[in-house]
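Everything below concerns the one structure shown next.
Residue indices begin at 1 and follow the sequence shown. Only a predicted model underlies this, so the values are computations on that prediction, with no experimental measurement involved.
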Amino acid sequence: MAATATMVERTSQYAALAGTLRHMILDGRFLPHEPLPSIRELSDRHGVGVQVVRSALGQLMEEGLVYRREGRGTFVGLRNETGGESVVRPALRCITFVERPSGTSPGFVRTGYLQGYTEVLESLDTKMRILPCPEPEEAIEDLLSPNYPYQEQGVVLINLLSGPLMQKLADHQVPFVVQSNKAYDRLNYPPHHGVYINKVHGGFEATRYLLSLGHERIGFIGAVPRDQSWSHDVYGGYQSALACGGYVVHNQDVLDFGTNELAMAIGPVRDFLNRSDLPTAFMTQNDTLALAVLAAARQLGLRVPRDLSVVGFDDLPESEQSDPPLTTVANPRVRLGRIAVEMLLKASTGVFTEPQSRAMEGCLVMRASAGAAARKG
């Protein structure tokens with residue numbers, strides 16, 4: 001009788017543990033093909049015996065949610081979506097990161113992406129490759145590795161929107177994710193998974209911060225596209241924040257000029273600022289242009305932030321050391337890269353039934369280049 005009670009209790013325990021682990025796997029807390037904690041760790045963590053853990057894992061193996069690798073442990077697997085016999089699809093053995101022909105620049109941006117990629121892949125036996133976009137774009141045979149079958153490879157398109165390439169990858173059932181530094185019109189491209197930086201939100205929050213400091217006339221410096229794509233960028237957030245505050249964009253306060261080269265920016269920015277009817281503050285498309293404002297203001301005898309406040313976007317390494325230190329929006333570069341790879345791994349195992357889209361929000365970093373408005377614009 002006692003033996004029967006013990007068996008019932010053990011069955012109850014392993015069913016409960018199996019339920020807990022099942023929920024964690026389906027909720028995405030473990031990545032596809034990520035190792036689970038060891039049997040001893042699970043035993044200690046959940047306060048049950050090792051036999052209970054083995055029984056729970058056995059149940060999950062029958063469901064196709066985990067699988068064993070001899071000598072290496074238990075890993076997250078995949079349940080057959082057709083409802084038939086459980087199967088485990090192979091992990092991605094190779095991921096190719098595809099850049100625009102011009103590459104990813106500046107260098108610290110690429111470094112941030114790489115840190116995010118390696119944070120996910122360092123515990124997996126997956127090869128990383130970084131290549132430029134093939135020519136022609138749909139030539140995936142020049143893109144994918146000849147050393148692995150297509151079904152064991154995945155692709156991350158870095159700031160690269162190519163309908164032909166995306167369609168060719170989909171036709172060959174190669175999982176891919178678009179990693180973009182800003183939002184874009186997804187309906188213009190084949191169905192796909194994507195993660196992007198919400199620059200509109202960053203521009204909105206930064207401009208709203210300037211409004212909260214009492215600035216009623218805020219200018220903008222940056223390239224303003226002629227089509228509606230500006231609505232996906234910093235300018236779109238800047239314009240929206242002014243509209244929400246009851247203000248309008250004055251054309252004379254917008255310098256339609258973009259560059260990532262400080263030496264090229266200082267001259268045009270200085271000419272733009274050399275006037276008597278300046279706004280009290282500027283939102284810029286990137287930190288390079290904001291640093292150019294600081295340099296040009298010094299040459300013109302303007303004091304920042306007393307005479308002029310400025311906010312950038314990107315949080316370049318030199319922004320914290322500028323004079324004064326630059327208020328800016330920090331891009332989530334590392335997190336963007338990490339989410340892109342995590343999304344690809346899940347896509348490769350069929351976790352998603354519909355195309356997924358994730359937006360990464362930047363963070364306003366308040367430093368000394370923005371202060372209370374000391375005059376009317």
Tell me whether [X] shares a hydrophobic cluster with [Y], the cluster being built from Ile, Leu, Val, Met, Phe, Trp, Tyr side chains joined at under 4.5 Å.
| X | Y | value |
| --- | --- | --- |
| V234 | Y196 | no |
| F204 | I197 | no |
| F257 | L300 | yes |
| M366 | M283 | yes |
| Y148 | F97 | no |

Worksheet item: Charged N to carboxylate O under 4.0 angstrom, E152 versus R93?
Response: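 Yes, charged N to carboxylate O under 4.0 Å.
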To check you understand the geometry: which heavy-atom pair defines the closest contact between [X] and [Y], and what is its length?
| X | Y | value |
| --- | --- | --- |
| A265 | A292 | CB-CB, 3.7 Å |
| A18 | L60 | O-CD2, 3.7 Å |
| G203 | F313 | N-CE1, 3.8 Å |
| P324 | S369 | CG-CA, 4.0 Å |
| F272 | L278 | O-CD2, 4.5 Å |
| G236 | V200 | C-CG1, 4.2 Å |

Practice prompt. Evaluate the criterion salt bridge (charged side-chain N to carboxylate O under 4.0 Å, His left out) for residue pair D315 and R367; output intermediate values, then yes/no.
Written response: CA-CA 11 Å; D315 196 21; R367 300 190 181 115; 3.1 Å; yes
Discussion item. Which residue in the set D44, V53, L42, T74 passes side chain to side chain contact (heavy atoms under 4.5 Å, CB included) when paired with P37?
Written reply: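 For P37, the side chain to side chain contact (heavy atoms under 4.5 Å, CB included) test succeeds with only one of D44, V53, L42, T74, which is L42.
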Item to complete: Please name the residue in the list L210, L364, V365 that meets the side chain to side chain contact (heavy atoms under 4.5 Å, CB included) test with T327.
Response: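 Of the listed options, the one satisfying the test is L364.
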Taking [Y]'s backbone N and O only, do any of them form a donor-acceptor pair with [X]'s side chain (distance below 3.5 Å, no angle check)?
| X | Y | value |
| --- | --- | --- |
| H193 | Q356 | yes |
| S240 | G237 | no |
| N159 | N181 | yes |
| R186 | H192 | yes |
| H215 | L213 | no |
| S55 | Q51 | yes |
| S309 | G371 | yes |

So, taking the atom named [atom1] in [X] and the one named [atom2] in [Y], what distance separates them when rounded to the nearest 0.5 Å?
| X | Y | atom1 | atom2 | value |
| --- | --- | --- | --- | --- |
| H201 | E361 | NE2 | CD | 4.5 Å |
| L344 | S348 | CG | OG | 6.0 Å |
| I158 | C133 | CD1 | SG | 11.5 Å |
| D287 | T328 | CG | OG1 | 3.5 Å |
| T259 | N286 | OG1 | CG | 8.0 Å |
| R275 | D253 | CZ | CG | 5.0 Å |

Worksheet entry | Test log, rule salt bridge (charged side-chain N to carboxylate O under 4.0 Å, His left out), inputs D314 and R333 | CA-CA 9 Å; D314 279 337; R333 293 177 290 273; 5.2 Å; no
Would you say that [X] contacts [Y] through its side chain, given a criterion of any heavy-atom pair below 4.5 Å between the two side chains?
| X | Y | value |
| --- | --- | --- |
| L294 | D323 | no |
| V304 | V293 | no |
| R217 | D277 | yes |
| E99 | R110 | yes |
| D256 | Y235 | no |
| Y14 | V48 | no |
| V76 | T349 | no |
| L57 | L21 | yes |

Worksheet item: Does D125 CG have over 12 foreign heavy atoms under 6.0 Å away?
Response: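 No.
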Discussion item. Is it the case that over 12 heavy atoms from other parts of the model lie below 6.0 angstrom from the CD atom of Q321?
Written reply: yes
Fill in: Plane angle bin for F75 and Y67 - parallel if under 30°, tilted between 30 and 60°, otherwise perpendicular
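Parallel, since the angle between the ring planes stays under 30°.
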Item to complete: List the steps, then state whether side chain to side chain contact (heavy atoms under 4.5 Å, CB included) holds for M128 with V156.
Response: CA-CA 11 Å; M128 290 176 53; V156 175; over 6 Å; no
Practice prompt. Go through the structure and list residues passing side-chain hydrogen bond (donor to acceptor under 3.5 Å, both in side chains) with T96, not counting sequence neighbours.
Written response: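 Applying side-chain hydrogen bond (donor to acceptor under 3.5 Å, both in side chains) to T96 gives R129.
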Worksheet item: With ILVMFWY side chains joined below 4.5 Å, transitively, what does L144's cluster contain besides itself?
Response: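 Joined to L144, directly or through intermediates: V98, L131, I140, L143, Y150, V155, L157, L160, L161, L165, M166, L169, V174, F176, V178, Y184, Y189.
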Worksheet item: With clusters built from Ile, Leu, Val, Met, Phe, Trp and Tyr whose side-chain heavy atoms come within less than 4.5 Å, directly or transitively, what are the remaining members of the cluster of V248, listed by chain and number?
Response: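 Joined to V248, directly or through intermediates: none.
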Discussion item. For a side chain to side chain contact (heavy atoms under 4.5 Å, CB included) check, start with the C-alpha distance between Y247 and L211, then their side-chain angles and the critical distance, and finish with the verdict.
Written reply: CA-CA 10 Å; Y247 301 96; L211 290 171; 3.8 Å; yes
Worksheet entry | Criterion side chain to side chain contact (heavy atoms under 4.5 Å, CB included) on Q285 and F220, from CA distance to verdict | CA-CA 8 Å; Q285 188 178 47; F220 182 85; 4.0 Å; yes
Worksheet item: Which is it for L273 and F282 under the side chain to side chain contact (heavy atoms under 4.5 Å, CB included) test, yes or no, and what are the steps along the way?
Response: CA-CA 11 Å; L273 297 181; F282 276 97; 3.6 Å; yes
Fill in: Test side chain to side chain donor-acceptor pair (under 3.5 Å) applied to Y117 and Q179, step by step
CA-CA 12 Å; Y117 303 152; Q179 174 196 312; 2.7 Å; yes
